[in-house]
Amino acid sequence: MNILTNPKKLRGFERYVKVDNVSRRSILKGLGLAGGFVLAAPVMSRPGLAAYQTGADKMPHGTVVDPRVFVAIAPDGIVTIVAHRAEMGTGVRTSLPMIVAEEMEADWSRVRIQQAPGDEVKFGNQDTDGSRSTRHYLMPMRQIGASARTMLEAAAAKRWGVPATEVKAVNHEVVHSASGRRIGFGDLAADAAKQSVPSVEGLKLKDPKDFRYLGKGQISMVDLRDITVGTARYGADVRLPGMKYAVIARPPVTGGKVASFDGAAAMKVSGVEKVMEVKGWPWPSKFQPLGGVAVIARNTGAAIKGRDALKIVWDDGANSKYESVAYRTQLEEAARKPGLVVRKEGDVEAALKGADKVIVGEYYLPHLAHVAMEPPVAVADVKGDKAEIWGPVQSAGGTREDVAKTLGIPEENVTVNVTLLGGGFGRKSKCDYAIEAALLSKELGAPVKVQWTREDDVRNGFLHTVSVERIEAGLDKSGKVTAWRHRSVAPSIASTFAANTVHQAPFELGMGLVDMPFEIANVQCENPEAAAHTRIGWFRSVSNIPRAFAVQSMVAEIAHATKRDQKDMLLELIGSPRIVKLDSVKDLWNYGEPYESYPIDTARLRKVVELVADKGGWGRSVPKGHGLGIAAHRSFVSYIATIVEVAVDDKGKLTVPRVDTAIDCGTYVNPERIQSQIEGAAIMGMSLVKHGAITFKDGKVQQGNFDDFPVIRIDESPAVTNVYIVPAGPDTPPSGVGEPGVPPFAPALINAIFAATGKRIRALPIGKQLEA
């Protein structure tokens with residue numbers, strides 16, 4: 001028996017997860033649902049899920065309120081399942097309801113999805129980030145579906161006067177095989193609603209061998225057709241009667257403010273109705289608006305033209321001298337000196353002094369912007385002490401909370417309606433644009449849409465941090481690595497929340513630095529100081545990007561120096577199959593998950609390396625000018641390895657004919673979405689490696705749009721991306737998928753470039769470094 005089927009392994013969970021049949025009136029209100037049956041299930045409010053625990057209870061509101069998901073069955077049999085997470089391409093609006101439908105025995109063609117509003121009292125944590133939706137909600141969603149199925153079966157058994165053990169739900173019906181009788185879910189809905197809810201302890205979950213949907217990859221995203229034909233509703237598509245349109249001129253330097261402005265010329269633009277200053281908050285201020293000058297108009301085009309006509313004098317403040325080249329030098333100097341020790345095993349200093357050879361690599365990554373296809377946008381309608389928001393937000397509950405605090409109104413008076421997100425990557429976890437719309441609506445007494453342009457998005461967002469990673473590896477005479485010192489210098493995301501932050505937070509240190517899994521006797525990780533001069537935010541894969549780039553590039557450098565194969569060197573450093581002990585690390589970050597459930601397991605890391613080497617044909621013969629590179633990384637408690645084949649012509653133009661990636665994400669739900677996420681990670685990784693750089697001069701971002709911060713086009717994309725999913729063991733909990741594909745791509749590509757050309761690239765983006 002395994003964690004997915006054995007009810008005895010749920011012991012203790014029933015104390016924390018209570019499945020209740022609740023008032024239809026209270027649940028249906030505001031959701032637009034109709035039906036005779038409603039099931040509400042508070043889930044994940046405390047630890048104790050199946051045979052393993054997760055960190056769901058530690059998420060904001062996770063232990064304060066009980067999350068709820070809802071199922072409604074209409075008389076015609078249509079099943080509506082509420083999705084409480086935001087859809088931005090990961091397929092979460094499909095995958096989580098699909099889990100419920102699987103356990104219910106619902107016919108997917110008769111299932112409809114309803115997006116939940118922001119309400120963490122009802123739904124619990126709604127942060128769609130950290131690649132955690134499936135790993136936190138697989139079992140709760142299964143239990144909700146199984147509870148609905150059990151209640152339907154009990155209702156049918158009572159109607160027929162037979163034992164419940166003689167009936168079974170099958171594909172949207174309950175069947176009594178002995179008599180051949182069958183009845184549809186719609187006909188049973190009202191009776192099922194009257195049934196007592198089964199205890200979790202006695203709940204019978206489906207055997208995975210009987211799954212029709214989970215793990216099969218046969219169901220596409222529920223929004224796919226609408227997205228394809230252009231009928232999907234994004235934030236910019238929201239229209240309200242009497243709505244005003246606004247754009248905002250924000251301070252070009254983080255921490256700056258308006259000294260004075262003249263809006264006379266803007267008011268002469270046809271369609272412009274008002275020019276007004278927008279309140280800003282002193283930096284750092286979490287996700288509060290930067291402030292500036294807003295132009296209100298009858299349409300967005302007029303508002304933009306009006307903003308272009310504004311005359312503003314800015315007080316640039318303390319960050320006005322921020323300059324990328326000088327700051328890179330500052331980071332490099334810091335990386336060459338001792339820093340705060342965050343992991344220490346053995347005596348690195350002595351081991352390096354006694355080494356036969358020391359290899360040093362210093363790796364640089366610049367700031368990066370998210371540039372989701374849909375720039376930030378939000379609509380707000382504030383009336384008195386009530387506010388309603390529409391927009392593409394990754395954290396509906398967090399947006400609700402922050403809007404309420406900013407307006408000074410009760411949280412229950414704020415409604416947040418979540419549209420589809422045209423990409424997110426962490427940017428839309430920050431709700432500054434929704435707060436801007438709320439503040440303007442309150443001031444104007446009318447609904448207001450605040451639209452960010454691409455230039456606003458690039459210049460006024462929350463950037464991925466700039467980083468210098470310096471690694472010193474000491475080798476003995478046999479070529480064995482005996483010492484490893486890694487210094488990581490980067491402004492911290494914590495600087496967005498607290499002034500004078502100069503060290504990275506534990507969650508950043510735990511992304512490929514202190515959790516480095518190599519079997520080396522002497523290891524020391526250090527974190528020298530680095531001050532932030534712009535807004536820093538989480539970005540898809542966060543600090544794993546620079547860490548994997550540095551660590552996996554160094555592996556290939558060691559392999560070259562010792563005349564070893566890259567893959568063999570990587571496996572040697574990973575070492576024996578074991579659970580990594582990190583007793584020397586204080587406040588070890590494990591993606592918010594308990595280490596007992598999600599340890600660092602080198603057997604699983606070795607497995608993805610070996611699998612991708614086999615499936616990807618590692619060592620195969622490639623044409624002249626081609627090269628293969630490999631890299632592996634653990635992030636978001638998943639294990640992933642990537643091989644990139646690169647082709648570099650005599651002018652330095654590179655193309656990628658093939659990418660092979662193996663991923664171990666534990667128990668998985670929808671392999672079609674896993675493949676899609678890995679393919680997307682290869683494309684995003686390629687963009688970042690080739691082009692990604694946000695630079696500063698006089699405190700201002702120098703880029704603004706895709707002409708100077710490009711993303712790769714179709715003809716630059718990897719021609720083929722093969723994805724291999726490691727089958728999950730019966731006791732392997734689910735882990736992340738959305739982010740883990742990005743970190744190993746850059747080092748695999750860079751290692752491939754070295755194999756093809758002999759040129760070692762240590763600073764990204766590649767830019768013109770390959771040109772002859």
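In this chain, numbering begins with 1 at the start of the sequence shown. No hydrogens, no waters, no symmetry mates; every other heavy atom, side chains included, goes into these values.
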Gap between atom NZ of Lys607 and atom CG of Asp664 - 0.5 Å precision: 9.5 Å
Test item: Ile674 and Cys665 side chains (from C-beta on) under 4.5 Å apart, heavy atoms: yes
With sequence neighbours excluded, residues passing salt bridge (charged side-chain N to carboxylate O under 4.0 Å, His left out) with Glu679: none
Using only atom types and a distance under 3.5 Å, with no angle test, would you say the side chain of Asn590 pairs donor to acceptor with the backbone of Gly592? no
Applying side-chain contact (heavy atoms from CB on, under 4.5 Å), run through Leu205 and Met139 and close with a yes or a no. CA-CA 10 Å; Leu205 301 179; Met139 289 302 293; 3.6 Å; yes
Is it true that a side-chain atom of Lys428 and a backbone atom of Gly423 form a donor plus acceptor pair closer than 3.5 Å? yes
Restricting to non-hydrogen atoms, name the atom on Trp108 and the atom on Tyr213 that form the minimum distance, rounded to 0.1 Å. N-OH, 2.9 Å
Test your reading of the model: is there a side-chain donor-acceptor pair from Thr732 to the backbone of Gly729, 3.5 Å cut-off? yes
Is there side-chain contact between Thr667 and Arg135, with heavy atoms separated by less than 4.5 Å? no
Gly235 and Thr419: which non-hydrogen atoms are nearest, and at how many Å? N-OG1, 3.2 Å
Shortest non-hydrogen contact between Ile219 and Thr94, atoms and distance: CG2-CG2, 4.0 Å
Do the ring planes of Tyr591 and Phe636 sit parallel (below 30°), tilted (30 to 60°) or perpendicular (above 60°)? tilted
Spatial distance of atom OH (Tyr724) from atom OG1 (Thr661) [nearest 0.5 Å]: 8.5 Å
Is it the case that the side chain of Glu672 and the backbone of Gly217 share a donor-acceptor pair, with hydrogens and angles ignored and the cut-off at 3.5 Å? no
Within the distance-only criterion (no hydrogens, no angle test), does the side chain of Tyr234 pair as donor or acceptor with the backbone N or O of Glu374 below 3.5 angstrom? no
Any sub-3.5 Å donor-acceptor pair from Lys206's side-chain atoms to Glu102's backbone N or O? yes
Sub-4.5 Å side-chain heavy-atom contact between Val416 and Pro117: no
Any idea how His370 and Phe539 line up, ring-wise: parallel (<30°), tilted (30 to 60°), or perpendicular (>60°)? tilted
Would you please test Asn544 and Val742 for side-chain contact (heavy atoms from CB on, under 4.5 Å) and show each step? CA-CA 9 Å; Asn544 287 291; Val742 177; over 6 Å; no
Centroid-to-centroid, His633 to Tyr639, below 6.0 Å? no
Evaluate Thr134 against Val737 for side-chain contact (heavy atoms from CB on, under 4.5 Å), listing each step before the verdict. CA-CA 9 Å; Thr134 298; Val737 172; over 6 Å; no
Is there a donor-acceptor contact under 3.5 Å linking the side chains of Ser131 and Glu739? yes
Side-chain donor/acceptor of Gln114 to backbone N/O of Ile81, under 3.5 Å: no
Under 3.5 Å donor-acceptor, Lys449 side chain and Ala236 backbone: yes
Taking the side chain as every heavy atom from C-beta outward, state whether Gln394 and Leu421 have any pair of such atoms under 4.5 Å apart. yes
State, yes or no, whether a side-chain contact exists between His84 and Tyr137 at a heavy-atom distance under 4.5 Å. yes
Rounded to the nearest 0.5 Å, how far does OG1 of Thr231 lie from CG of Asp237? 10.0 Å
Say whether Glu388 and Asn417, considering side chains only, have a donor N or O and an acceptor N or O under 3.5 Å apart. yes
Test of understanding: with ring-ring contact (aromatic ring centres under 6.0 Å, His included), list the residues that count as partners of Tyr433, not counting sequence neighbours. none
Please report the C-alpha distance between Ile409 and Lys386 in whole Å, then the side-chain angles of each, then the deciding distance to 0.1 Å, and finally whether the side-chain contact (heavy atoms from CB on, under 4.5 Å) criterion is met. CA-CA 7 Å; Ile409 62 178; Lys386 291 182 170 56; 5.8 Å; no
Heavy-atom distance under 4.5 Å between the side chains of Lys194 and Met151, does that happen here? no
Quick check against the 3.5 Å criterion: does Glu105 have a side-chain atom that pairs as donor or acceptor with the backbone of Arg149? no
Please report the shortest heavy-atom distance between Thr90 and Gln677, naming the atom on each side. CA-NE2, 3.6 Å
In short, salt bridge (Lys or Arg N to Asp or Glu O under 4.0 Å) pairs touching residues 157-173 with sequence neighbours left out are Arg159-Asp191, Glu173-Arg182
Salt bridge (charged side-chain N to carboxylate O under 4.0 Å, His left out) between Lys286 and Asp402, worked out: CA-CA 10 Å; Lys286 193 188 175 187; Asp402 284 0; 3.1 Å; yes
In Å, rounded to the nearest 0.5 Å, how long is the span from OG of Ser109 to CD1 of Ile78? 8.0 Å
Could you list the donor-acceptor pairs under 3.5 angstrom formed between side-chain atoms of residues 377-384 and any protein atom two or more places apart in sequence or on another chain?
none

Mind checking whether Arg634 and Arg604 have side chains closer than 4.5 Å, heavy atoms only? no
Under the rule for ring-ring contact (aromatic ring centres under 6.0 Å, His included), what residues qualify as partners of His176, not counting sequence neighbours? none
At their closest point, which heavy atom of Ala372 faces which heavy atom of Gly422, and how far apart are they? CB-O, 3.6 Å
Hey, does Asp129 have a side-chain heavy atom less than 4.5 Å from the side chain of Ser395? no
Contact summary for Ala157 and Ala164, nearest pair of heavy atoms: CB-CA, 3.6 Å
With rounding to the nearest 0.5 Å, note down the distance linking CD1 in Ile227 to CG in Leu420. 5.5 Å
Qualifying salt bridge (Lys or Arg N to Asp or Glu O under 4.0 Å) pairs with a residue from residues 77-101, counting only residues at least two apart or across chains: Arg93-Asp223
Strictly distance-based, threshold 3.5 Å: is any side-chain N or O of Arg540 a donor or acceptor partner for the main-chain N or O of Gly426? no
Between His136 and Glu593, is a side-chain hydrogen bond (donor to acceptor under 3.5 Å, both in side chains) present by the stated rule, with each step listed? CA-CA 10 Å; His136 281 182; Glu593 307 301 340; 2.8 Å; yes
